[in-house]
Amino acid sequence: MVSSTLRNLYSTTFSQANSPESALLAVGNNEGKITVFDLKGVNTSRETGVGERIKGPYQVINAHSDAVYSMVSTDTFCISGTTGLISGRRWTDLRKQKTQPAWTISLECDQANFGTPEVNGLAYDSIRGLAYAACGDWRTHVYDLETGKRSQTLEGHEDYVHDVVVGGSLVASSGEDGSVLVWDPRAGREPRHRIVPHELEQLARPNLGRFISSLDLNNDWLVCGGGPKAGIFHLRSLALTTVLPPAKAAVHVTKFTRNAEGGDRGGIVVAGILPHLSVCSMAGEVTAQLPSSSPCIYTVSITDKPFTMMTYGGMSTKIDVCFNLNYRDHSVSLLED
């Protein structure tokens, strides 16, 4: 039997969710655990300008029997996705160190062809109260969090779906098939746009494959990457406007910084199979390169409320913490003392 100590040494972080209102950060790993960090002291110190680092885990929850592949936050819930299940835990319960989920949704899928699919990505539409789940059955399932029922299924990928994001009135997903599909849910079930990055010579890396593992939306702009290089697309024209680094390594995270302080306010974070994270401008210039405790980064979380904080992790028992997008402030262990 593999000891718990040895298993911890091979811990991999796949997902994160942050609740500014509850001052908690939740981190999901390959063992089905969610590690919760208390940010109360950090919030207070940032407001006064004194400065305080994140301490060790507030609690560690045995949340799922399989990996916590994806997480997303609402004002009320910390939502996690694993193989065949989506669970919601109240942030107020996590603050009281209560671990049981308030609700659980079992995926309704084609078991004969796909088995039990994993939930690779989660996104939340706060306007409509909908959760989007990017799944291994080649589909993105949409759930009404008021009723817990599936309200819609978005189809069009020809392999499993890696990621899904909501931006304004649009929803976008990316998959192992190398395509990015963009929907306007108000206009029907067919994708409004289809982007295939690996078919563009500027982005193609045949040695790494065609998969698109991550994407993000910000107004009229979309950024995505995977086997192909990370690139920025203008959604109105569908034109590739910028090619982003790295030149040779696969990408697992592409994320707009939006209103985060420090670095370029219109910037993009790109990370993957490299021991560092890059912050880039919309023009593709690297404005900061931050070291990582992990040789491969799978998850990045950025918040600007009540202060700017970026946390990132992957193949490591640590997550790295930045209070400014120009430098890494410190690292914190995911292991309990």
Side-chain angles (χ1 to χ4, degrees), residues 15 17 64 66 68-89 101-196 211-224 233 235-236 238:
S15 55
H64 297 288
D66 199 1
V68 186
Y69 293 111
S70 54
M71 300 181 76
V72 72
S73 177
T74 76
D75 289 343
T76 304
F77 296 106
C78 172
I79 303 175
S80 57
T82 184
T83 301
L85 292 173
I86 303 170
S87 296
R89 290 172 171 81
W103 50 263
T104 298
I105 296 172
S106 296
L107 299 187
E108 305 167 33
C109 300
D110 181 356
Q111 297 289 336
N113 290 324
F114 298 101
T116 304
E118 67 282 357
V119 181
N120 296 313
L122 284 168
Y124 176 60
D125 182 341
S126 60
I127 303 299
R128 300 169 185 84
L130 301 175
Y132 290 79
C135 296
D137 64 351
W138 305 10
R139 300 172 177 90
T140 297
H141 300 282
V142 188
Y143 294 93
D144 185 332
L145 293 187
E146 185 70 28
T147 64
K149 303 295 184 181
R150 183 171 64 181
S151 62
Q152 191 178 7
T153 297
L154 303 179
E155 302 187 35
H157 285 287
E158 297 176 355
D159 209 327
Y160 54 86
V161 189
H162 280 293
D163 199 9
V164 61
V165 293
V166 176
S169 62
L170 299 179
V171 177
S173 62
S174 62
E176 185 70 11
D177 61 356
S179 66
V180 172
L181 303 182
V182 182
W183 282 272
D184 184 343
R186 303 166 302 176
R189 303 181 63 145
E190 292 299 315
R192 181 174 173 180
H193 304 301
R194 181 185 294 268
I195 300 170
V196 189
F211 69 93
I212 300 296
S213 55
S214 176
L215 77 166
D216 199 9
L217 290 169
N218 189 18
N219 297 320
D220 290 331
W221 302 97
L222 180 146
V223 62
C224 63
F233 292 84
L235 285 178
R236 294 192 181 183
L238 297 186

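All values below were derived from every heavy atom in this structure, side-chain atoms included, with hydrogens, water molecules and symmetry-related copies excluded.
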Could you tell me whether the side chain of [Y] reaches within less than 4.5 Å of the side chain of [X], counting heavy atoms only?
| X | Y | answer |
| --- | --- | --- |
| Tyr132 | Leu154 | yes |
| Cys224 | Phe233 | yes |
| Tyr69 | Leu122 | no |
| Arg192 | Trp183 | no |

Taking [Y]'s backbone N and O only, do any of them form a donor-acceptor pair with [X]'s side chain (distance below 3.5 Å, no angle check)?
| X | Y | value |
| --- | --- | --- |
| Thr74 | Phe77 | yes |
| Asn120 | Val161 | yes |
| Thr116 | Gly84 | no |
| Ser174 | Ile212 | yes |
| Ser70 | Val119 | yes |

Whether over 12 other heavy atoms sit under 6.0 Å from Glu190 CD: no

Residue pairs passing the salt bridge (charged side-chain N to carboxylate O under 4.0 Å, His left out) test where at least one lies in residues 121-134, sequence neighbours excluded: Asp125-Arg128

Qualifying salt bridge (charged side-chain N to carboxylate O under 4.0 Å, His left out) pairs with a residue from residues 75-85, counting only residues at least two apart or across chains: none

Closest contact, heavy atoms only, His162 versus Gly175: CD2-C, 3.6 Å

Closest contact, heavy atoms only, Leu217 versus Leu170: CD1-O, 3.9 Å

With Glu158 via salt bridge (Lys or Arg N to Asp or Glu O under 4.0 Å) - residues at least two apart: none

